Amino acid sequence: MPSPIAVIDFETTGMTPAHGARATEVGIVLVQQGRVVDRFASLMYTGVPIPRFIAEMTGITNAMLREAPPAAQVMREAARFVGDAPMVAHNAAFDSKFWQAELALLGLAASQPYACTVLLSRRIYPDAPSHKLGRLTDHLGLPRPGRAHRALADAEMAAALLAAMQQRLQDSYGLPWPDHAQLMQLQRCTPKTLARMLQPTLAVQSE
DNA sequence: TGCCAGGCCCTCTTTAGGGCCTT
């Protein structure tokens, strides 16, 4: 049985911690061979207000955050929950920065490798009309577990997308169930290189 | 004052530009 992978999603007050944005909610699911085996989710309070358009998009209000536990407490629990598991996020460049920034404020290391479901889906579903998480979920007929733009629902959608891609690699391309290290290798290939690697296998199998 | 990300990826490219993706 492969080691667990932690699929994470943050809701935040903005696009980057480099400009003062902070996390407002974190959702994490632990997956093992495509199955969710554990979940963690919490709002968190940092004192940084949410811009109105983000509150309207997420449904997370400043009043909700004032009643939430402190970010330091939530992030310590999140770090314990993840442990040494390698991580996955939809547009990992975004979530990994908040993961590192929030843990750095606590003096905690954030050395887990991040695989990215956007990079992977661009390679595995090059003809998808969109690689936005919600639209890709609908395109593939995957379940929507809750309101989009809430951390746990988005983490669950990303986990389902990850499992669908692992399954496709296994079934269509004759590969073993890809572990996190193999996903990292696949996302580093250029899309055209990966297409050349995968298509002949698919063609042979479909004959 | 006014503006404010940044990495990926395609193409009418590579001495660049613009769309995508995340909040």
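Letters A, B, ... are given to chains in the order of the sequence lines, protein chains preceding strands, and every chain is numbered from 1. A quick note: this is a predicted structure, and the numbers were derived from the prediction, not measured.
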Pairs in or reaching into residues 5-60 of chain A: which pass ring pair (Phe, Tyr, Trp, His ring centres under 6.0 Å), with residues at least two apart or in two chains? A:Phe40-A:Phe81
Under 4.0 Å, heavy atom to any atom of DNA chain B: which of residues 114-126 of chain A qualify? A:Leu119, A:Arg122, A:Arg123
Residues in residues 131-142 of chain A with a heavy atom under 4.0 Å of DNA chain B, by number, are A:His131, A:Lys132, A:Leu133
Does [X] reach a base, just sugar-phosphate, or nothing at all? Heavy atoms under 4.0 Å.
X	answer
A:Asp95	nothing
A:Phe98	nothing
A:Thr13	nothing
A:Pro191	sugar-phosphate

In this structure, how many angstroms lie between the P atom of B:dA5 and the CZ atom of A:Arg22, rounded? 20 Å
When you check the phosphate oxygens OP1 and OP2 of B:dC21, does a side-chain N or O of A:His90 lie under 4.0 Å from one of them? no
For B:dC21 and A:Ser130 - does any side-chain N or O of the residue sit under 4.0 Å from the phosphate oxygens OP1/OP2? yes
Interatomic distance at [atom1], [N] relative to [M], whole Å:
N	M	atom1	answer
B:dT14	B:dC9	C1'	14 Å
B:dC8	B:dT13	C1'	15 Å
B:dG18	B:dC12	P	15 Å

